[in-house]
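What follows is a short report on a single structure.
A note on names: the letters A, B, ... follow the listed sequences, proteins ahead of strands, and every chain is numbered from 1.
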2 protein chains.
Amino acid sequence: MEPPRVPRLKDVAAAANVSVSAASKILRGDQSRFGEDTCRRVAEAAKRLGWRRNLLVSGIQTGRTQTVGVMIPPYDSFWVNVLSGIHRRLAEADYLPITVWQGDLDHMPHFEADEQEGVRQINRLLDRRVDGLIMWPSFGLAYEDHLADLHEKNVPVVVIDHSSDNPFCDAVTTNETQATKAVAKHLLDLGHRRIACISTRESKSQTWALERRDAFENAVHQQPDAQCMSWRLNPIGSNGVEVARELLGSELRPSAVFAVTDHEAACVYEAAASLGLSIPADLSVVGFADLDFAVSMAPPLSTVRQRPLEIGAHAASMVLDRLNGPLAGEPLGCAKIDADLILRESTGPARR
Amino acid sequence: MEPPRVPRLKDVAAAANVSVSAASKILRGDQSRFGEDTCRRVAEAAKRLGWRRNLLVSGIQTGRTQTVGVMIPPYDSFWVNVLSGIHRRLAEADYLPITVWQGDLDHMPHFEADEQEGVRQINRLLDRRVDGLIMWPSFGLAYEDHLADLHEKNVPVVVIDHSSDNPFCDAVTTNETQATKAVAKHLLDLGHRRIACISTRESKSQTWALERRDAFENAVHQQPDAQCMSWRLNPIGSNGVEVARELLGSELRPSAVFAVTDHEAACVYEAAASLGLSIPADLSVVGFADLDFAVSMAPPLSTVRQRPLEIGAHAASMVLDRLNGPLAGEPLGCAKIDADLILRESTGPARR
DNA sequence: ACGGTCTGTTCAAGTAGTTTAGCAAGGCTG
DNA sequence: CAGCCTTGCTAAACTACTTGAACAGACCGT
């Protein structure tokens, strides 16, 4: 019925009474070769008609869409904040993230189980010619071979929270070493010498658990007269409380426990309660993650808070830098973002 | 250095030894004019080279990018789940949402304050030629005039959780009437006859508050011998506890309170505690929203849980339907999604 | 031998814009 | 007054792909 609703460049050119190519150049900012009056006329016509450059066209011409694919599920507030960081940083550069999600706040997706769906997701992004990709660890693992593909197609990929030795993508993770060192220092400063670390099952998608335990053990051993015992959750079943009870009931009961996650810390709380141990008088506990429930535990849990906004922002910066300039030819790397030890009421001086 | 990393259609055509236009037609599924063998050859070549149609090109040709702009901040778990619903529904139709965020889990953005930034956001989406738009209420309010623009450009817009009388967009909201009716029925069934409703300040960006209170009053008045008193928070300051204490200390103290939001319910809890009233023995309380803290209140709060996933999915369906088919010429509308009353321990039978 | 069908080709134009090369008019210099 | 440069602009080719028209060779039946 009506003529095209969205104004085209040629409409602007016609309105300003110049050729299309002149209008194109002027609107790109190449004013040098044109008269002042012409430039004004074109700019005004564009504004009056509400013309906007079609980025799809720029996309097919330059091969850049100013767009980054993001594959991160909104699993918990940590990841939501990572997304916020990504959005913020990309917006500054006038880029836009395109997110694919699966699952929701209650259900973590398992792409290992449904590889087809994951490939479909990646392709939805690639079909729109995203300039780069940011992924969460599970993807990074499940699609290692696809990553090689992307690398070859010159699409930079950044994986968050999973340092891999895979040579096809950059990574950004929490600085586990710095964070656990801070935990160890805090406990040692309080006088604790018999310290335990309770870890998860350390499956291969939880490289951070291993890393945390390792770094923590090392940090404790810096102190000559301190000892560190490590326990892991059962490989099958989730009976964290059982493991914690075993730990606390052992001959040489530790006076402090570092839990690799707040979840495990909660198990320690429960085990301590069932054994009549009071926190922090008999036992100091430190968690990791500062999950929602950490503040409202009794007593409030001292824990490590990561910096999801910063992590997201850094991941975004990495793909932008690979894309234009700074990191162009550089070897792939892994950025470590510091975390903060939040002291609450679950730690106290060691009894002597 | 090397030839283009991403395979072009002409590469596929060359590999299969056919013309570009033949390859194009065959890969679009127009097999009628071609031999079985040729079709197989082309399909195989495309697969081998990893060719994928460039959606940017389809976008400029058809005017459809299979993409929907979403302007919703990750303010709390409700909105995150709305986003999940949108993602899910769009993915089914092979569409992708492009989200613009501002603020994060802790900081709600105020676009009323910074209109420039909001316009920039909309333009970032429009420049990428999104087929439709889904917005949260604040946007809908702040940019009413821009909505007219979009309407004229034939870009369908759906606003969530804000029923407006503005004639340029569809809306989907929680069915406040059904939900509050359920609350009223529950309280009346328990024998309560003197019931209060405590609302927010009912600013103009909180149309839902007004709607809830209205619908609730109506529902209570269905019962001839029941009375309903309504209180609102102070227009300035946020002293909800004060208001609640006034309410509970009044001559004719209600035996049940419906709070328009869990936040107000929390105020009622605090006021009740300070007056020595026990819940639910002396006072029944029902909230609205089922915010994170509702379960862990003492006693656990009975509240209304909305269906964010369904709301998101429905919003997505609406833009898809406007785009292709079902809703094409239809008048704009407002879909109401039912909510569920979650009974916990904050309500009990009325004393007689 | 002739028309018809099947299978494929090439050509051209379209999408919305960018970019390179080049042309014409005018002023300035030698 | 020719030669040259600058200014101001345009034509045409390019991006990746779609679509329609026209056409050509092989094979079929009559």
Side-chain angles (χ1 to χ4, degrees), chain A residues 3-43 45-46 49-67 126-131 153-154, chain B residues 3-43 45-46 49-67 126-131 153-154:
Chain A
R5 323 303 215 101
V6 188
R8 317 276 176 231
L9 182 57
K10 67 179 173 200
D11 302 326
V12 177
N17 206 21
V18 295
S19 72
V20 188
S21 44
S24 170
K25 270 178 221 155
I26 290 170
L27 288 169
R28 297 230 105 198
D30 176 15
Q31 305 218 335
S32 59
R33 306 259 301 156
F34 297 92
E36 200 177 306
D37 182 64
T38 318
C39 292
R40 214 185 21 69
R41 248 173 34 237
V42 172
L49 297 179
W51 180 83
R52 295 234 108 221
R53 172 170 294 106
N54 187 335
L55 280 191
L56 300 179
V57 176
S58 313
I60 78 168
Q61 287 170 340
T62 64
R64 289 290 172 81
T65 51
Q66 312 254 82
T67 264
L126 259 29
D127 288 353
R128 284 160 179 89
R129 296 300 187 264
V130 293
D131 294 337
K153 285 181 181 166
N154 246 339
Chain B
R5 324 303 213 100
V6 188
R8 317 274 177 233
L9 182 57
K10 67 178 171 197
D11 302 325
V12 177
N17 207 21
V18 294
S19 70
V20 184
S21 44
S24 170
K25 279 170 205 159
I26 289 170
L27 287 170
R28 297 235 108 197
D30 175 17
Q31 305 219 335
S32 59
R33 302 259 303 155
F34 301 91
E36 202 177 304
D37 183 62
T38 316
C39 293
R40 215 183 21 69
R41 246 171 39 235
V42 171
L49 297 180
W51 181 81
R52 298 232 107 222
R53 172 169 296 107
N54 188 335
L55 279 191
L56 299 180
V57 175
S58 313
I60 78 170
Q61 286 171 339
T62 63
R64 289 287 172 83
T65 51
Q66 313 255 80
T67 264
L126 258 29
D127 288 353
R128 285 162 178 88
R129 297 299 188 262
V130 294
D131 294 337
K153 285 181 181 166
N154 245 338

Closest heavy-atom pair, B:Thr65 versus B:Arg129, reported as atoms and distance to 0.1 Å, is OG1-O, 2.7 Å
So which heavy atom on A:Leu49 is nearest to which on A:Pro7, and how close? O-CG, 3.3 Å
Which atom pairs, one a donor and one an acceptor, fall under 3.5 Å between side chains of residues 51-64 of chain B and the rest of the protein, sequence neighbours left out?
unit_1  : atom_1 : unit_2   : atom_2 : d
B:Arg52 : NH1    : A:Asp127 : OD1    : 2.9
B:Arg52 : NH1    : A:Asp127 : OD2    : 2.6
B:Asn54 : OD1    : B:Leu56  : N      : 2.9
B:Thr62 : OG1    : B:Ser58  : O      : 2.8
B:Thr62 : OG1    : B:Arg64  : N      : 3.1
B:Thr62 : OG1    : B:Arg64  : O      : 3.4
B:Arg64 : NH2    : B:Leu323 : O      : 3.1

With a strict under 4.0 Å distance from non-hydrogen atoms of chain A, what nucleotide opens and what nucleotide closes the contacted stretch of DNA chain C, reading 5' to 3'? C:dA16 to C:dG22
Got a sec? Which of residues 17-26 of chain A come in under 4.0 Å of DNA chain C, heavy atoms? A:Ser21, A:Ser24, A:Lys25
Whole Å only: how far is the CZ atom of A:Phe34 from the C1' atom of D:dT7? 10 Å
Nearest heavy-atom approach of A:Ile26 to A:Thr38 is CD1-CG2, 4.1 Å
May I ask you to list the residues of residues 52-65 of chain A, by number, that have any heavy atom positioned under 4.0 Å from an atom of DNA chain D? A:Ile60, A:Gln61
Over all atoms of both residues, closest heavy-atom pair of A:Leu9 and A:Ala23: CD1-CB, 4.0 Å
Crowding at NZ, A:Lys153 (>12 non-hydrogen neighbours, <6.0 Å): yes
Could you tell me whether the phosphate oxygens of D:dT19, OP1 or OP2, come under 4.0 Å of any side-chain nitrogen or oxygen in B:Arg28? yes
Using five base pairs at each end, measure the axis-to-axis angle across the helix from C:dA1-D:dT30 to C:dG30-D:dC1 and round it to 10 degrees. 70°
With a 4.5 Å cut-off on side-chain heavy atoms, are B:Arg128 and A:Thr67 touching? yes
Excluding sequence neighbours, so at least two apart, what forms side chain to side chain contact (heavy atoms under 4.5 Å, CB included) with B:Ala22? B:Val18, B:Ser19, B:Phe34
Which whole-number value in Å describes the distance from A:Asp37 CG to D:dG8 C1'? 12 Å
Gap between atoms CD and C1', on A:Glu36 and D:dT7 respectively (whole Å): 14 Å
Please tell me if the side chains of B:Arg8 and B:Val6 come closer than 4.5 Å, counting only heavy atoms from C-beta onward. yes
Using a strict cut-off of less than 4.0 Å between a Lys/Arg side-chain nitrogen and an Asp/Glu carboxylate oxygen, indicate whether A:Asp37 and A:Arg40 qualify as a salt bridge. yes
Roughly how many Å is it from CG in B:Leu9 to C1' in D:dT19, rounded to a whole number? 13 Å
